[in-house]
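Residue numbers begin at 1 in each chain, while the letters A, B, ... track the order of the sequences. Note that this is a predicted model, so its numbers are computed, not measured.
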Amino acid sequence: MAQRISMPAGILARTVLFAALWWLITQGRADAWLVGVPAVALAVFASERLSSGALPRLSLIGLFGFLSLFLRESLSGGIDVARRTLEPKLRIAPGFSSYRLRIQDPRARVLLINCIGLLPGTLAADLDGDFAELHLLDADNNPDPQIRQLEQAIARLFNVPLETNDD
Amino acid sequence: MTDILASLLIMAGLFFFMAGSIGLLRFPDLYSRLHALTKADNLGLGLLIIGLALHLRDPLIALKLLLIWLAVLAAGATSAHLIARHARRREKHV
């Protein structure tokens with residue numbers, strides 16, 4: 001039941017995407033296209049040069065799942081850290097831990113690494129091969145279950161498999 | 001009614017910005033400070049933007065605000081990771 005929106009690849013798709021963004025940023029002002037046309041052209045050029053291959057094929061259902069998890073975790077991450085900063089006695093026990101990434105797709109990994117920093121109490125400090133080094137605000141809590149959940153949501157979003165063998 | 005809700009959301013957003021800044025001052029080390037900044041600012045800006053969108057009642061401006069939130073999120077999360085990585089690698093090489 002994998003419902004997919006296939007993000008159209010290539011220069012045309014990128015042009016449409018960046019032109020739409022420009023239109024949105026300038027609220028549709030006609031004279032802004034004087035700057036907008038070169039800006040869109042440069043953006044298309046830069047993104048063609050920098051990105052690895054075609055635009056990813058995202059799953060629509062996966063997107064809803066990811067967004068709802070992302071919003072929930074942002075909320076609890078923010079509330080958690082605000083509570084820790086405002087309590088009279090700082091309740092933190094910082095430390096590091098290591099997490100083995102199951103996801104292989106490089107773009108999905110970038111998203112995961114960035115999102116880990118928004119989960120309650122975790123921050124991805126470094127990536128060494130398949131291992132992400134995490135900084136924990138409270139090293140007494142095991143962060144792996146919540147990261148695993150996020151990783152699964154991202155795998156569904158990108159329609160990529162998760163390596164399943166646990167060791 | 002909407003305006004009251006919008007004001008509450010904006011105030012809640014400002015509260016989280018303040019909490020993040022206090023964390024920046026109170027937390028003991030670089031990594032913990034990054035936690036405070038990224039997470040509290042993400043939520044603070046999100047609430048602020050929902051509040052502003054409700055107040056302005058213009059779907060195009062709401063979309064633009066959403067875009068700003070996404071851009072700040074991407075920039076904030078990426079720079080927090082890069083700062084942490086730089087600090088961590090330097091610690092290890094000492």
Side-chain angles (χ1 to χ4, degrees), chain A residues 17-18 20-29 67 70-96 98 109-128 132-139 143, chain B residues 12-13 15-47 50 58-71 73-92:
Chain A
L17 178 68
F18 291 128
L21 286 179
W22 182 264
W23 178 80
L24 187 61
I25 290 168
T26 58
Q27 325 242 242
R29 277 184 53 175
L67 282 182
F70 179 83
L71 292 178
R72 257 181 297 141
E73 294 294 332
S74 295
L75 192 64
S76 59
I79 291 173
D80 174 69
V81 86
R83 192 182 288 150
R84 288 178 197 274
T85 58
L86 296 175
E87 272 175 358
K89 188 165 163 36
L90 275 188
R91 196 168 39 82
I92 61 173
F96 286 91
S98 182
R109 282 190 163 188
V110 170
L111 184 63
L112 177 64
I113 290 292
N114 277 335
C115 288
I116 285 175
L118 299 170
L119 295 176
T122 57
L123 181 75
D126 206 348
L127 183 61
D128 185 9
E133 194 176 8
L134 308 176
H135 181 262
L136 309 172
L137 261 190
D138 189 348
Chain B
F15 168 78
F16 281 104
F17 275 117
M18 189 191 69
S21 309
I22 292 175
L24 182 65
L25 296 171
R26 283 190 77 195
F27 279 0
D29 59 285
L30 182 141
Y31 306 101
S32 306
R33 290 175 170 161
L34 285 174
H35 280 273
L37 272 190
T38 46
K39 292 187 235 300
D41 285 6
N42 163 33
L43 181 56
L45 187 61
L47 293 168
I50 298 171
D58 179 335
L60 265 188
I61 293 184
L63 263 180
K64 187 173 166 179
L65 288 169
L66 186 68
L67 197 63
I68 291 171
W69 185 49
L70 288 177
L73 269 190
T78 306
S79 46
H81 171 63
L82 290 178
I83 291 170
R85 189 172 77 174
H86 181 77
R88 191 67 184 147
R89 288 189 179 170
R90 201 147 71 167
E91 266 173 22
K92 281 180 181 167

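- Of the possible donor and acceptor atoms, one in the side chain of B:K39 sits under 3.5 Å from a partner among the backbone N and O of A:T122.
- B:K64 contributes no side-chain N or O that, together with a main-chain N or O of A:L24, makes up a donor-acceptor pair within less than 3.5 Å.
- At a 4.5 Å heavy-atom cutoff, the contact between B:R88 and chain A is made by side-chain atoms alone.
- Relative orientation of the B:H35 and A:H135 rings is tilted, given thresholds of 30° and 60° on the angle between their planes.
- With a threshold of 4.5 angstrom between heavy atoms, B:D58 does not approach chain A through any atom at all.
- For chain B, the option among A:P94, A:C115, A:G121 with the highest count of heavy-atom pairs below 4.5 Å is A:G121.
- Chosen from B:L60, B:I83, B:L82, the residue pairing most often with chain A at heavy-atom distances under 4.5 Å is B:L60.
- With values rounded to the nearest 0.5 angstrom, B:Y31 atom OH is found 12.5 Å from A:L134 atom CG.
- Interface residue A:E87: only backbone heavy atoms are found under 4.5 Å from chain B.
- Between A:T85 and B:G23, the closest heavy-atom pair is CG2-CA, 3.2 Å.
- Side chain of B:H81 to backbone of A:N114: no donor-acceptor contact under 3.5 angstrom is found.
- Using a cutoff of 4.0 Å between basic side-chain nitrogens and carboxylate oxygens, A:D126 and B:R89 are scored as salt-bridged.
- The CZ atom of B:R26 sits 7.5 Å away from atom CG of A:L86, with the distance rounded to the nearest 0.5 Å.
- B:L63 CG to A:Q27 CD: the interatomic distance, rounded to the nearest 0.5 Å, is 10.0 Å.
- At a 4.5 Å heavy-atom cutoff, the contact between A:R84 and chain B is made by backbone and side-chain atoms alike.
- If you measure heavy-atom distances from A:L123 to chain B, the contacts under 4.5 Å come from both the backbone and the side chain.
- Nearest heavy atom pair, residue A:G78 against residue B:L43, reads CA-CD2, 3.7 Å.
- Contact check for B:L73 versus A:L118: side-chain heavy atoms found under the 4.5 Å cut-off.
- Considering every non-hydrogen atom in both B:T38 and A:G117, the closest pair reads OG1-O, 3.8 Å.
- Both the backbone and the side chain of A:I79 have a heavy atom closer than 4.5 Å to some heavy atom of chain B.
- When the candidates A:L71, A:I92, A:L21, A:L111 are compared by the number of heavy-atom contacts under 4.5 Å with chain B, A:I92 comes out ahead.
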